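Just so we're clear, the structure is a prediction, and the values are computed from it rather than from any experiment.
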Amino acid sequence: MAYTAEALIAELRQRLEASLAPVRLTVEDDSHHHAGHAGARGGGRHFRVRIVSAAFTGKSTVARHRQVYVAAGDLMRGPIHALALTTHTPEEEA
């Protein structure tokens with residue numbers, strides 16, 4: 001399925017919200033910073049995601065990132081080439 005940038009952001013947000021119940025979530029299209037990069041040439045987009053969720057409590061950074069990748073699912077094998085992730089618990093944000 002082909003996605004516009006806006007539709008892809010909406011789909012990614014929906015999946016992250018459904019899976020991780022974030023108290024704060026921002027998703028920014030960062031693709032313009034990667035023009036000419038191999039993944040960008042192939043149509044994959046780059047996003048910057050900042051997510052605050054209690055689901056990250058007690059988890060390492062690697063485990064948190066895995067949770068995000070699992071939630072993104074098949075989007076990571078096509079329309080999304082890369083995610084730059086910032087993952088925090090609500091306590092870490094306070």
Side-chain angles (χ1 to χ4, degrees):
M1 173 180 198
Y3 289 92
T4 65
E6 296 79 16
L8 188 53
I9 288 171
E11 179 66 18
L12 179 59
R13 286 184 63 84
Q14 185 276 326
R15 291 180 184 203
L16 294 174
E17 289 168 352
S19 180
L20 300 170
V23 295
R24 190 169 304 112
L25 173 63
T26 59
V27 180
E28 299 173 15
D29 188 351
D30 216 14
S31 300
H32 62 283
H33 292 294
H34 302 276
H37 179 270
R41 282 193 306 268
R45 301 196 69 84
H46 293 69
F47 293 97
R48 182 168 304 280
V49 175
R50 180 175 182 82
I51 184 169
V52 179
S53 173
F56 298 141
T57 302
K59 305 261 175 46
S60 70
T61 300
V62 170
R64 293 173 184 194
H65 289 198
R66 281 189 190 126
Q67 286 178 277
V68 171
Y69 292 131
V70 167
D74 63 327
L75 296 177
M76 294 303 302
R77 292 184 294 282
I80 297 177
H81 176 70
L83 296 176
L85 299 173
T86 302
T87 55
H88 292 289
T89 65
E91 294 76 23
E92 292 168 340
E93 282 288 293

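The two residues Thr26 and Arg13 have their closest heavy-atom pair at CA-NH1, 4.0 Å. The minimum heavy-atom distance between Pro22 and Leu16, with the atom names listed, is CD-O, 3.7 Å. Summarising the geometry of Arg64 relative to Thr87, their closest heavy-atom pair is NH1-O, 3.0 Å, with the distance given to 0.1 Å. Ala7 and Thr4 get closest at one heavy-atom pair: N-OG1, 3.0 Å. Arg45 and Ala5 get closest at one heavy-atom pair: NE-CB, 3.6 Å.
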**Prompt:** Would Arg66 and Val68 satisfy side-chain contact (heavy atoms from CB on, under 4.5 Å), going step by step from the backbone distance to the final call?
**Reply:** CA-CA 5 Å; Arg66 281 189 190 126; Val68 171; over 6 Å; no

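Rounding to the nearest 0.5 angstrom, the gap separating the CD atom in Glu93 from the CD atom in Glu91 is 10.5 Å. Considering CD of Gln14 and OG of Ser19, their distance stands at 10.0 Å, rounded to 0.5 Å. Atom OG1 of Thr89 is separated from atom CD of Glu92 by 3.5 Å, given to the nearest 0.5 angstrom. Here NE2 of His81 is found 12.5 Å from CG of Asp30. Values are rounded to the nearest 0.5 Å. The distance from the CD1 atom of Ile80 to the CG atom of Leu8 is 4.5 Å, given to the nearest 0.5 Å. Atoms CZ and CG, from Phe47 and Leu75 in turn, are 9.0 Å apart once rounded to the nearest 0.5 Å.
Side-chain N or O atoms of Arg48 include none that pairs as donor or acceptor with a backbone N or O of Glu28 at under 3.5 Å. Checking side-chain atoms of Arg50 against main-chain N and O of Arg24 turns up no donor-acceptor pair under 3.5 Å.
Side-chain contact between Val27 and Ile51: absent, with no pair of heavy atoms (C-beta onward) separated by less than 4.5 Å. Residues Leu12 and Val49 have side chains in contact (heavy-atom distance under 4.5 Å, counting atoms from C-beta outward). Annotation: side chain of Phe56 is not in contact with side chain of His88 (no heavy-atom distance under 4.5 Å). Counting only heavy atoms from C-beta outward, the side chains of Glu11 and Tyr3 approach each other to under 4.5 Å. Two residues are said to be in side-chain contact when any heavy atoms from C-beta on lie closer than 4.5 Å; Thr57 and Lys59 fail this criterion.
Side-chain heavy atoms closer than 4.5 Å link hydrophobic residues (I, L, V, M, F, W, Y) into clusters, and following such links, possibly through other members, connects Ile9 to Tyr69.
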